[in-house]
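Everything below concerns the one structure shown next.
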Amino acid sequence: MKVRFLSAGDCGLVVEFGERVDRAVSEEVLNLQASLAAAAIAGVTETLPTFRSLFVEYDPLVTGRRELEPAIGALLGRRPKARRMATLWRIPICYDGAFAPDLEEVARRVGLSPEEVARRHRTLPYHVYMIGFLPGFPYLGDLPAELALPRRADPRQKVAAGSVAIATTLTAIYTFESPGGWHIIGRTPVTLFDPSRSPPALLAPGDAVRFEAIDPALFAQIREKSEKGGYAIAGERVAL
Amino acid sequence: MTSGLLITKPGILTSVQDLGRVGYRQLGVPVSGALDRESLELANALVGNERAEAALEILYGGPTIKVVAETARVALAGGEGRIAILGGRSIPAWQSVTLESGETFEVMADRRASCCYLALAGGIAVPRFLGSAATYARAGIGGFEGRPLKAGDLLPLAFSRAPEREDLFLPAPPSLGREKTIAVVLGPQDRHFTDAALALFLESEFRVSPQADRMGMRLDGPRLFHRGGWDIVSDAIPEGAIQVPGSGQPILLLADHQTTGGYPKIATVISADLPVVGRRRPGDALRFRAVGIEAAEALARDARKSLDALSRSLKPVSQKASIDLDTLYEGNLISGVVSGRD
C-alpha cells in the first residue's frame, strides 16, 4: 500500500494509506497506531485514526518531522504477530415508529420492506472505522451494499441522541443531540458517551458492533436504567 | 459557604479553560482549552500558579465578579484591559491584585482582542475531566458544570485566602499582534487546490466574518477553488487547520473544533501563531505566509523560550515606576495629553 506523509502544521503529521473507506486501509491505520503506541517514541503526544490515515501529534520541543518520519517509516512494514483482538459490542436498537423517522423512506428507495431493511441492517457485525464528529460518535461499516444511499438533501437541525442512522456505505450512532444529514432508521437506549465513565466512550476505533433489535417496552426499560447509570453493556473480546 | 468568586454578571461568554484536554481525540473529544494559550500562561504566572492551571477565558465583554473568600488574588492578561474595582482602584492588565472579601470588580476587556484571561491564585476548584478543566460546552463536559458561566454562579477557588506575598506585574507585556502575518504550513490537502487558489490564499487579505466562535472562524475573502472534488473521506483536523468547503470560503478551526472532518484543508496555522489568531475578532484582517515544517518547528521553540522569558521577568508592583502613567490617565489627573506610546 502506498503510504504518504502529509503535513499538518508544526505539531502534527498525517500518515495516509488511501483515500477511500476501505477495510484494508483501516487495518493498516490501526496497525500503525498499535505499533506507534508500543514504540513509545519520545515527543509523540497523541494519535488519531481515521478512515484513511493516522494523525500523529508531536511536541516540536521534543522531536521533529525530520526524526519522526523515518521512525514511523520503520514501523510501517511490520505485521502484527497475532491476529488483532477487538471488543465486540452488542448494541440494542429499536427500529419502531418515532425512533425511525426515515425507515419507510429508506425502504421505499431501496425497494425493500422496512422490516427487511432493519433485518439486513443488523445482519453482520460492523467495524468501528473511527470516532469523530461528536464525542464518542462511531463511524461503522460496511453497510450491506443494497442499503447504501447518499446523505439527505435536507439535513435536520436536530437529531436525537441515540439515533442510529445510515448514509453511503456507513451506519453511525448520534451520541449527542445535534444537526445531522443521515437517514435515521432506529434508536439505541444505550448511552455511548458518558463523561463519568472511564473511558467515557463505549466504543473505540477497531472495535466491532452488532445491533440487536428490541421493542419500545424494552427500550424504555433500558433507557431508564441507563439514565440512572445502572445499565452496563458488556463487550466480548474476539479475535479478528 | 464555599469560598469562591460570585459571578454577578457573566459577560458575553466566560468559561473555565486551561491548556486543553490532550489524548482523547481518538474518542472524538476535542482538545478545547484557551484560544490564546500565551495569555493564559502569563495570567497564571502573575498570580503564582503553574502555567497550565485553569483560568477564566473572557470572550468579548467582561464579567462582574464579587469576592466571596477571605482574600483572592487575580490577574488579567490581554492587551490594555483592566480590572475595575467598584468604588476604588483600577488595575491594568498584566498585574496581579489582591482583593478583600466582599470587593466587586468588573473586567474591562481590551476591545481590540476577542479574548482575555483572568487567573486566580491557587486555581479553580472544579473537577478535572479526562485530565483537564477545559470547558467543552457542546458536549457539556469540563469546566464549571460543563458550560459557560452565568449570573449567580459561585466559582469555587482552591484557596480561601491568597498566599501572603507581593503582587507582581509584567514590565514588557506582549503585543496583541494585530498586524502580524500568520505563518502556516501548507497541507495536509494542499494538493486538492488549484495553483491559482494556493496563490490567492497566500496573497490575499481575509477578514474574520461574524461567524466566529470557539470552534472556528469563517473567513471572508476570495473564494478558494478545489482541483476536482471538495468532499473527501474524513480525516483528522489539527488545531489551526484551514478547511475549505464547497463554497470556497475558508474556515480556520480553533480550540473546540471537531476532531475529524471531510473538507480539504489547504494549510495549518503554526502553533506559535495560534494565540495571535485566537485573539482576532470579527472584522479583523488576516494574511497568511507559508513556512516550511522545520522553520515552523523552530518558531515553536522560539515561542516557548520567549514565553518562559516573559514569565521569569515578573517584578513586584512596588518596583513599578513611581509615576504610573496608566494610573494617572485612569484617574483623569492628566487629560488631553497624547500618550508617549502612540
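Throughout, protein chains are lettered first and strands after them, A, B, ... in sequence-line order, and every chain is numbered starting at 1. In what follows, every heavy atom counts, from backbone to side chain, and hydrogens, waters and symmetry copies are set aside.
- For A:Ser7, the parts lying near chain B are the backbone and the side chain together; criterion is any non-hydrogen pair under 4.5 Å.
- If you take CG on B:Leu27 and CG on A:Leu202, they are separated by 10.5 Å, rounding to the nearest 0.5 Å.
- Only the backbone of A:Leu203 has a heavy atom closer than 4.5 Å to any heavy atom of chain B.
- Both the backbone and the side chain of B:Arg301 come within less than 4.5 Å of a heavy atom in chain A.
- The backbone N or O of B:Ser271 sits less than 3.5 Å from a side-chain atom of A:Asp10, completing a donor-acceptor pair.
- Contacts of A:Val14 with chain B are made by side-chain atoms alone, with heavy-atom separations under 4.5 Å and no backbone atom involved.
- The nearest pair of heavy atoms linking B:Ser234 to A:Met130 is CB-CE, 3.5 Å.
- For B:Ala241, no part lies near chain A; criterion is any non-hydrogen pair under 4.5 Å.
- Residue A:Phe193 touches chain B through its side chain alone, counting heavy-atom pairs closer than 4.5 Å.
- Looking at A:Phe51, both its backbone and its side chain come within 4.5 Å of chain B, counting heavy atoms on both sides.
- Proximity to chain B (any heavy atom under 4.5 Å) is shown, for A:Pro138, by neither the backbone nor the side chain.
- Counting heavy-atom pairs under 4.5 Å between each of B:Asp235, B:Val29, B:Val185 and chain A puts B:Asp235 at the top.
- Only the backbone of A:Thr47 has a heavy atom closer than 4.5 Å to any heavy atom of chain B.
- Across all non-hydrogen atoms, the minimal contact from A:Glu46 to B:Gln26 is OE2-N, 4.4 Å.
- Ion pairing of A:Arg65 with B:Glu297 is absent here, as no side-chain N (NZ or NE/NH1/NH2) approaches a carboxylate O to less than 4.0 Å.
- The residue among A:Gly18, A:Pro199, A:Gly9 with the most heavy atom pairs within less than 4.5 Å of chain B is A:Gly9.
- Between chain B and the options A:Glu177, A:Glu16, A:Glu19, the largest number of non-hydrogen pairs under 4.5 Å is found for A:Glu19.
- The candidate from B:Val184, B:Thr268, B:Val233 with the greatest count of non-hydrogen atom pairs under 4.5 Å with chain A is B:Val233.
- Applying the side chain to side chain donor-acceptor pair (under 3.5 Å) test to every pair with at least one member in residues 241-264 of chain B, sequence neighbours left out, gives these pairs: B:Ser32-B:Asp256, B:Arg214-B:Asp256, B:Asp220-B:Gln249.
- Annotation: maximal heavy-atom pairing with chain B below 4.5 Å, among A:Ser53, A:Pro195, A:Gly132, A:Pro49, occurs at A:Pro195.
- Evaluation of the side chain to side chain donor-acceptor pair (under 3.5 Å) rule for A:Asp59 yields no partner, not counting sequence neighbours.
- Looking only at heavy-atom pairs under 4.5 Å with chain A, the residue among B:Gly187, B:Ala139, B:Gly140 that has the most is B:Ala139.
- Taking every heavy atom of both residues into account, A:Ala8 and B:Pro238 meet most closely at CB-CG, 3.7 Å.
- At a heavy-atom cut-off of under 4.5 Å, chain A is reached by no residue from residues 142-150 of chain B.
- Heavy-atom distances place the side chain of A:Arg4, and not its backbone, under 4.5 Å from chain B.
- Residue A:Glu57 touches chain B through its side chain alone, counting heavy-atom pairs closer than 4.5 Å.
- The candidate with the highest count of non-hydrogen atom pairs below 4.5 Å against chain B, out of A:Thr175, A:Thr45, A:Leu61, is A:Leu61.
- Interface remark: B:Ile141 contributes side-chain atoms only to the contact with chain A (heavy atom separation under 4.5 Å).
- Between chain B and the residues A:Gly12, A:Pro200, A:Ser196, the most heavy-atom pairs under 4.5 angstrom are made by A:Pro200.
- Residues of residues 128-138 of chain B that come within less than 4.5 angstrom of chain A, heavy atom to heavy atom, are B:Phe129, B:Leu130, B:Tyr136, B:Arg138 in numerical order.
- Annotation for A:Glu224: atom CD does not count as buried by contact number, only 12 or fewer foreign heavy atoms lying within 6.0 Å.
- Looking at B:Glu239, neither its backbone nor its side chain comes within 4.5 Å of chain A, counting heavy atoms on both sides.
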